[in-house]
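Remarks on the structure that follows.
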Amino acid sequence: MEDMVMDGFDFSPLFRSTIGFDRLTRLLDAATRVDSASLGYPPYNIEKTGEHAYRLTMAVAGFSPSELDITVQENTLLVTGKAKEEEERKNGTAYLHRGIARRAFERRFSLADHMKVTGANLDNGMLHVELVHEVPEAAKPRKIAIGSTQPEHPQVTEQKAA
């Protein structure tokens, strides 16, 4: 079999019987365009901590809480880190070897509908972001009663022009 190079995928057959999954196609497209150089830093874990609870843990050694930013917009969780180098200069510290990376980073995570960030803390160089999946009552499955009578149609009456 010949090696195949795929630049893009046609997902249209998968969406023949779906409605409103435009976001899914964007997610699949974004997943195929991931920059592999940024995949390794900072390392992270995603854990399922309960039936509807999750935890994102990122190793951010050397960063202080003021150098980290967590933002949720629409269905995207964005975690950024930017080290402040001026603090090192204030202390008069000169590194002979710097093995703990403090380079700037930006990590984006796509969240499912109704995911809510409930908190975040920094403990021993580990950033923990707690998330919960809260489905509102209006989005939960509900039974629809099937009536045996004809549906009522509103009567349209003509108004005479005055």
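The figures here come from the full heavy-atom set of this structure, side chains too, leaving out hydrogens, waters and symmetry mates. All residue numbers in this chain count up from 1 along the given sequence.
Every residue two or more places apart in sequence or in another chain that forms a salt bridge (charged side-chain N to carboxylate O under 4.0 Å, His left out) with Arg108 is listed here: Glu106. When the salt bridge (charged side-chain N to carboxylate O under 4.0 Å, His left out) test is applied to Glu137, the partners found at least two apart in sequence or on another chain are Lys140. In this view, Asn45 satisfies the side chain to side chain donor-acceptor pair (under 3.5 Å) rule with no residue, not counting sequence neighbours. For Glu47, the side chain to side chain donor-acceptor pair (under 3.5 Å) test picks out Thr57, with sequence neighbours left out.
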Worked verdict on Val117 versus Val129 for side chain to side chain contact (heavy atoms under 4.5 Å, CB included): CA-CA 7 Å; Val117 175; Val129 180; 3.8 Å; yes
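Here the shortest heavy-atom pairing between Ser64 and Leu122 reads C-CD2, 4.0 Å. For the pair Thr118 and Leu131, the tightest heavy-atom approach, listed with the atom from each and the gap, is OG1-N, 4.2 Å. Between Ile70 and Ala120, the closest heavy-atom pair is CD1-CB, 3.5 Å. In this structure, Met126 and Ala59 approach most closely via the heavy-atom pair SD-CA, 3.8 Å.
Leu78 and Met115 sit in two unconnected hydrophobic clusters of ILVMFWY residues. Membership requires side-chain heavy atoms under 4.5 Å apart, directly or through other members. A chain of hydrophobic side-chain contacts below 4.5 Å, direct or via other Ile, Leu, Val, Met, Phe, Trp or Tyr residues, connects Ile46 to Tyr41. Two different hydrophobic clusters hold Val132 and Leu56 under the rule that ILVMFWY side chains link at heavy-atom gaps under 4.5 Å.
Residue pairs meeting the ring-ring contact (aromatic ring centres under 6.0 Å, His included) criterion with at least one member in residues 118-147: none, sequence neighbours excluded. Applying the ring-ring contact (aromatic ring centres under 6.0 Å, His included) definition to pairs two or more places apart or across chains, those involving residues 56-83 are Phe63-Phe105.
Note: Met58 CE to Leu68 CG = 8.5 Å, rounded to the nearest 0.5 Å. In this structure, the separation between NZ on Lys84 and CZ on Arg102 is 10.0 Å, given to the nearest 0.5 Å. One distance of note links OG1 of Thr80 with CD of Glu67; it measures 11.0 Å at 0.5 Å rounding.
For the pair Arg107 and Tyr44, the cation does not sit on the ring face, since its NZ or CZ is not both under 6.0 Å from the ring centre and inside 45° of the axis.
Here Arg55 pairs with Glu130 in a salt bridge; the nearest charged N to carboxylate O distance falls below 4.0 Å.
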